[in-house]
Amino acid sequence: MKVTLFATCLVDMFQGDVGKAVVEVLERLGCDIDFPENQICCGQPAYNSGYVQESKNAIKKMILAFEHAEYVVSPSGSCAYMFKEYPEVFKGDAVWAPKAQALATKTYEFTEFIVDVLKIEDVGAHLEGKATYHTSCHMTRLLGVQEAPMKLLSHVKGLQYVELPGKDRCCGFGGTFSVKMGNISGQMVSEKVQNVEETGADILIGADAGCLINIGGRIDRQGKPIKVMHIAEVLNCR
């Protein structure tokens with residue numbers, strides 16, 4: 001099965017190890033991975049800020065970059081969902097609407113692809129520790145991926161899972177929200193870190209780089225002994 005990796009800006013610039021983990025896990029599961037080097041930002045920051053027309057050039061470049069793909073897989077539910085928004089961006093456009101729909105249809109979040117397409121729930125991972133999981137807003141509420149991460153984590157040998165209190169609450173990142181509403185965002189992420197501490201977990205797992213950078217940054221500044229891991233890194237542990 002041929003899989004094209006949509007790495008996302010945050011993984012490309014800040015979390016390269018997450019991208020490597022995605023590739024290594026999928027290759028072990030029998031996938032042939034390719035990475036279009038002409039991929040850029042998906043356009044979400046501009047689009048979500050109301051600059052729809054201004055985001056179209058970036059979106060068109062992404063559609064063309066992944067036009068050849070059989071499946072597109074991303075380690076970010078938020079960015080994967082942005083691809084699902086492309087048909088709305090080009091609604092009524094005879095040229096770009098069909099291209100946008102084709103990309104949206106073949107795009108999957110990483111855990112969603114493993115569970116729903118590859119039909120695999122146990123990837124043979126082994127990680128000792130007590131962990132909790134942060135459910136990102138876009139991935140859970142908009143993309144609708146809820147069960148796949150939990151199914152995969154339930155098969156990680158040695159991992160003790162504890163549910164996160166207030167797991168349905170935003171961590172305060174929200175893309176440009178954390179910049180525009182910094183004080184509110186800071187209170188939200190402080191609450192999230194407090195909830196993580198309440199679980200007694202020594203590992204916080206998530207599936208979106210933005211959330212993990214936000215929560216992990218607060219954990220680091222407070223000097224908390226909690227390791228932050230993307231779910232791809234967890235599934236890559238042997």
Side-chain angles (χ1 to χ4, degrees), residues 3 5-29 31 33 35 39 42 44 72-82 107-115 118 120-140 143 145-159 161-162 164 167 170-175 178 189 192-193 196 199 201-220 224 226-238:
V3 172
L5 176 62
F6 167 30
T8 79
C9 299
L10 290 180
V11 168
D12 187 40
M13 292 188 290
F14 300 111
Q15 294 188 330
D17 287 344
V18 172
K20 289 169 62 177
V22 169
V23 171
E24 290 174 1
V25 170
L26 292 178
E27 284 183 338
R28 281 203 304 274
L29 298 179
C31 298
I33 315 296
F35 178 84
Q39 61 180 283
C42 65
Q44 183 174 174
V72 177
V73 174
S74 175
S76 165
S78 179
C79 296
Y81 179 74
M82 184 59 197
T107 296
Y108 295 86
E109 181 272 331
F110 173 64
T111 64
E112 175 190 28
F113 180 75
I114 293 175
V115 173
L118 297 182
I120 296 172
E121 295 184 6
D122 187 346
V123 301
H126 186 150
L127 177 63
E128 297 289 339
K130 186 177 182 180
T132 192
Y133 177 80
H134 166 68
T135 56
S136 70
C137 298
H138 277 191
M139 181 169 161
T140 305
L143 194 60
V145 178
Q146 301 181 34
E147 299 300 325
M150 307 317 301
K151 288 179 179 178
L152 291 165
L153 289 176
S154 70
H155 288 92
V156 177
K157 296 176 179 62
L159 194 67
Y161 173 74
V162 183
L164 182 63
K167 65 178 183 179
C170 177
C171 71
F173 178 61
S178 61
V189 73
K192 183 65 66 173
V193 172
V196 173
T199 67
D202 46 44
I203 304 170
L204 170 66
I205 302 169
D208 260 303
C211 298
L212 293 179
I213 289 173
N214 186 43
I215 304 170
R218 183 54 59 97
I219 287 174
D220 185 61
K224 308 294 184 182
I226 302 169
K227 185 175 183 179
V228 178
M229 299 180 71
H230 190 281
I231 192 168
E233 296 175 297
V234 174
L235 298 179
N236 200 34
C237 291
R238 309 284 288 179

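Using a 4.5 Å heavy-atom threshold, the side chains of Ile205 and Pro149 count as separate. With contacts defined as side-chain heavy-atom distances shorter than 4.5 Å, the pair Leu235/Phe110 qualifies. Thr111 is listed as a side-chain neighbour of Met139, based on a closest heavy-atom distance under 4.5 Å.
The two residues Leu5 and Pro75 come nearest to each other via the heavy atoms CD1-CD, 4.2 Å. Across all non-hydrogen atoms, the minimal contact from Phe35 to Ala7 is CE1-CB, 3.6 Å.
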* **Steps toward side chain to side chain contact (heavy atoms under 4.5 Å, CB included) verdict (Thr8, Ser74)** => CA-CA 7 Å; Thr8 79; Ser74 175; 3.4 Å; yes
* Steps toward side chain to side chain contact (heavy atoms under 4.5 Å, CB included) verdict (Asp17, Met229) -> CA-CA 10 Å; Asp17 287 344; Met229 299 180 71; over 6 Å; no
* **Stepwise side chain to side chain contact (heavy atoms under 4.5 Å, CB included) check, Tyr161 with Met150** => CA-CA 10 Å; Tyr161 173 74; Met150 307 317 301; 3.3 Å; yes
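When the side chain to side chain contact (heavy atoms under 4.5 Å, CB included) test is applied to Leu212, the partners found at least two apart in sequence or on another chain are Gln15, Val228, His230.
Here CG of Leu118 is found 6.0 Å from CG of Leu29. Values are rounded to the nearest 0.5 Å. We find the CG-NZ distance between Leu159 and Lys130 to be 11.5 Å, quoted to the nearest 0.5 Å. With rounding to the nearest 0.5 angstrom, the CG atom of Asn214 is 11.5 Å from the CG atom of Asp208. Separation of atoms CG (Leu204) and NZ (Lys227) is listed at 12.5 Å; rounding is to 0.5 Å. A distance of 11.0 Å separates CD1 of Ile203 from CD of Glu233, quoted to the nearest 0.5 Å.
Here the side chain of Thr132 pairs a donor or acceptor atom with the backbone of Leu164 at under 3.5 angstrom. Glu112 places no side-chain N or O within donor-acceptor distance of the main-chain N or O of Gly77, the cut-off being under 3.5 Å.
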Just distance, no hydrogens or angles: give the donor-acceptor pairs under 3.5 Å from side chains in residues 19-26, sequence neighbours left out.
unit_1, atom_1, unit_2, atom_2, d
Glu24, OE1, Asn236, ND2, 2.7

